[in-house]
Amino acid sequence: MPGFPGPFGRTVSKQPDRLFAQPLAQVPDFAFNEDVVRVFPDMIKRSVPGYPTIVENIGVLAGKFAQPHSVLYDLGASLGAVTQALRRHVQLEDCRVIAVDNSAAMVERCREYLHAQDAMFQELLPVEVIEADILALPLQPCSLVALNFTLQFIRPEQRLALLSRIREALLPGGALILSEKLRFEDAEQHALLGELHIAFKRANGYSELEIAQKRSAIEKVMLPDSLEQHRERLLAAGFSQVVPWFQCLNFASMIALP
Ligand SMILES: C[S@@+](CC[C@H](N)C(=O)[O-])C[C@H]1O[C@@H](n2cnc3c(N)ncnc32)[C@H](O)[C@@H]1O
Ligand SMILES: O=C(O)C(=O)C[C@]1(C(=O)O)C=C[C@@H](O)C=C1
C-alpha cells in the first residue's frame, strides 16, 4: 500500500492496527512480519507512550553528538522513523546514516519510505539500509548509535556483547541513545505503571481483547530490563555515563556516553 506524507514530511502507512482484534485460537509469538509491517506506524504510536517525542528528539540530540566524516547507526530501524529524524536534524559534511534491520519486510518498506523522503527534501544525509542481524554486523567508527526499542527484543544474554561492540565503535564525543520499555524492581511501582500503560492503550482505542492477546504475543519475545539493569550493563560495556533524558510511564530513553 502506498504511503502518504505525514507530519514532518514523513511518509507513513495509514492502516490501523487490528491485528489482535479478533479472538485467536492460539496467539502466536510476536514477529516483525508482513502483517505487522503494514500497520506498524499506527501500532507503535498507539502502544508506546511518548514515541513521537522520542523519535523527533533523537534527531535533536544527534545534532549535539554527530560528527563530520562519520557514520550514524539506526539499529533495529524498522520503517526508519529514527533515520528520517536524523536526516531532518543533522547536516554535516561526509556523514551518512546506516539503518539496519533483520526483518526483510521492514527493510523493503523502510527503503520505500526513505526514497519518498529523498524525493521531498534536498541535501539529506546519504542513507544505506542493510538487512542484517545487528548481533553479527561489524560496526564502523560512528558518532551516534540509536537503539530505539530494539534491545528489548535481543536475548538478555546477548545484550552486553552488543553494547560492548557499540561502545568500541563509538568515537570520542559520540553517544548511544537507548530507548526501552522498563520493568520496575519495586513490585507496586511495576504494577502501577503497567496498569497506566494499559490505560494508555485503552485510551488509544485498543479493546481488552487486543491488549490481552498482544501481551501474550510479546511476553516471550520482548523482555524489558529495569533502569538500574540498563545503567549497570552500559557501565559494564565501557560507557562512562548514563543520562536518562525521557520517561513516559514505563517507557524511557537514555543517553550513554563513551
Ligand atoms: C520495536 S522495533 C524498533 C522501532 C524503530 N526503531 C522505530 O523507532 O520506529 C524493533 C525492530 O528491531 C528489529 N530487530 C530485532 N532483533 C534484531 C536483530 N538481531 N538484528 C536486526 N534487527 C533486529 C526488528 O525486526 C524490529 O524492526
Ligand atoms: O509493550 C507493549 O505492549 C508494546 O506494544 C510495546 C511494543 C514496543 O515497545 O516495541 C512492542 C511491540 C511493537 O513493536 C510495538 C510496541
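The structure displayed is predicted, hence computed values, not measured ones.
- Counting only distance, with no hydrogens or angles, the side chain of Gln213 and the backbone of Glu210 share no donor-acceptor pair below 3.5 Å.
- The distance from atom CG of Leu182 to atom CD of Gln152, rounded to the nearest 0.5 Å, is 9.0 Å.
- For the pair Val145/Cys142, a side-chain contact is recorded, criterion being any heavy-atom separation below 4.5 Å from C-beta on.
- A 4.5 Å side-chain heavy-atom check between Val127 and Gln84 finds every atom pair outside the cut-off.
- By the criterion of side-chain heavy atoms lying less than 4.5 angstrom apart, applied directly or through intervening Ile, Leu, Val, Met, Phe, Trp or Tyr residues, Leu86 is grouped together with Met106 in one hydrophobic cluster.
- Leu193 CG to Lys181 NZ: the interatomic distance, rounded to the nearest 0.5 Å, is 10.5 Å.
- Here salt bridge (Lys or Arg N to Asp or Glu O under 4.0 Å) pairs that include residues 114-134, with residues two or more places apart or in two chains, are Arg87-Asp118, Arg96-Glu128.
- Shown here are the side chain to side chain contact (heavy atoms under 4.5 Å, CB included) partners of Ala132, two or more places apart in sequence or in another chain: Val100, Ile130, Leu137.
- For the atom pair Leu257 CG and Leu170 CG, the distance stands at 9.5 Å (nearest 0.5 Å).
- Listed by first and then second residue, the ring pair (Phe, Tyr, Trp, His ring centres under 6.0 Å) pairs that reach into residues 19-45 are Phe30-Phe32, Phe32-Phe153, sequence neighbours excluded.
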Mind listing the side-chain donor-acceptor pairs of residues 245-256 below 3.5 Å, one per line with the distance, residues two or more places apart or on another chain?
unit_1 : atom_1 : unit_2 : atom_2 : d
Trp245 : NE1    : Ser253 : OG     : 2.9
Gln247 : NE2    : Leu249 : O      : 2.9
Ser253 : OG     : Ser179 : OG     : 2.9

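- No donor-acceptor pair closer than 3.5 Å links the side chain of Glu180 to the backbone N or O of Asp225.
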Let me see the working for Leu151 and Arg233 under side chain to side chain contact (heavy atoms under 4.5 Å, CB included), right down to the final yes or no. CA-CA 12 Å; Leu151 193 68; Arg233 190 192 292 120; 4.0 Å; yes

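- Other residues, nucleotides and ligands contribute over 12 non-hydrogen atoms within 6.0 Å of the CD atom of Glu157.
- Under a cut-off of 6.0 angstrom, the local environment of CD in Gln158 is crowded, with over 12 non-hydrogen atoms contributed by other residues, nucleotides or ligands.
- Atom CD of Glu108 has 12 or fewer heavy atoms from other residues, nucleotides or ligands within 6.0 Å.
- There is no path of hydrophobic side-chain contacts, each under 4.5 Å, that joins Leu162 to Met222.
- Side-chain atoms of Arg88 do not come within 3.5 Å of backbone N or O of Gly59 as any donor-acceptor pair.
- In the hydrophobic cluster analysis, where Ile, Leu, Val, Met, Phe, Trp and Tyr join through side-chain heavy atoms closer than 4.5 angstrom, Val97 is grouped together with Tyr113.
- Taking 4.5 Å as the limit, every side-chain heavy atom of Glu112 sits out of range of all side-chain heavy atoms of His115.
- Ile177 places none of its side-chain heavy atoms less than 4.5 Å from the side chain of Leu147.
- Here the closest non-hydrogen pair linking Cys110 and Ser78 is CB-O, 3.4 Å.
- Residues Gln117 and Leu114 are in side-chain contact: their nearest non-hydrogen atoms beyond the backbone lie under 4.5 Å apart.
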From CA spacing to verdict: salt bridge (charged side-chain N to carboxylate O under 4.0 Å, His left out), Arg202, Glu208: CA-CA 8 Å; Arg202 227 178 258 136; Glu208 302 308 315; 2.6 Å; yes

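- Clustering ILVMFWY residues whenever any of their side-chain heavy atoms sit less than 4.5 angstrom apart, transitively, puts Leu234 in a cluster other than the one holding Val243.
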Check the pair Lys214 / Ser47 against side chain to side chain contact (heavy atoms under 4.5 Å, CB included), numbers first and verdict last. CA-CA 10 Å; Lys214 172 79 176 283; Ser47 304; 3.8 Å; yes

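- Closest approach of Phe239 to Leu163, counting heavy atoms only: CE1-O, 3.7 Å.
- For Val221 against Asp29, the heavy-atom pair with the smallest separation is CG1-CB, 4.2 Å.
- The shortest distance between side-chain heavy atoms of Asn33 and Val37 does not fall below 4.5 Å.
- When all heavy atoms of Asp74 and Gly80 are compared, the closest pair comes out as OD2-CA, 4.2 Å.
- Hydrophobic clustering of Ile, Leu, Val, Met, Phe, Trp and Tyr side chains at less than 4.5 Å, counting indirect connections, keeps Val48 apart from Leu223.
- Put simply, CZ on Arg165 and CG on Leu135 are 7.0 Å apart, with the number rounded to the nearest 0.5 Å.
- For the salt bridge (Lys or Arg N to Asp or Glu O under 4.0 Å) test, no residue two or more places apart in sequence or in another chain qualifies with Arg111.
- In this structure, Asp42 CG and Arg18 CZ are separated by 8.5 Å, a value rounded to the nearest 0.5 Å.
- For the atom pair OG1 of Thr83 and CG of Leu72, the computed distance is 9.0 Å after rounding to the nearest 0.5 Å.
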Using side chain to side chain contact (heavy atoms under 4.5 Å, CB included), reason through Leu19 and Met43 one step at a time and then give a plain yes or no. CA-CA 9 Å; Leu19 290 186; Met43 171 187 277; 3.8 Å; yes

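- The cationic atom of Arg46 (NZ for Lys, CZ for Arg) lies less than 6.0 Å from the six-membered ring centre of Tyr206 and within 45° of the ring axis.
- Between the side chain of Arg109 and the backbone N or O of Arg38, no donor-acceptor pair lies under 3.5 Å.
- The only member of His190, Glu228, Gln189, Gln229 that meets side chain to side chain donor-acceptor pair (under 3.5 Å) when paired with Arg183 is Gln229.
- Contact record, Ala66 with Val90: CB-CG1, 3.9 Å, taken as the closest heavy-atom pair.
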Should Glu168 and Leu139 be marked as a side chain to side chain contact (heavy atoms under 4.5 Å, CB included) after you check the CA-CA gap, both sets of side-chain angles, and the distance that decides it? CA-CA 9 Å; Glu168 276 166 31; Leu139 297 175; over 6 Å; no

Using a 3.5 Å cut-off and no angle test, enumerate the donor-acceptor pairs between side-chain atoms of residues 21-28 and protein atoms at least two apart in sequence or in another chain.
none

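- The closest donor-acceptor contact from the side chain of Ser70 to the backbone of Cys95 lies at 3.5 Å or more, if one exists at all.
- Shown here for Tyr73 and Pro138, the closest heavy-atom pair between the two residues is OH-O, 4.1 Å.
- Using a 4.5 Å heavy-atom cutoff, the side chains of Pro41 and Leu79 are in contact.
- Under the 4.5 Å side-chain criterion, counting only non-hydrogen atoms from C-beta, Phe184 is not in contact with Leu192.
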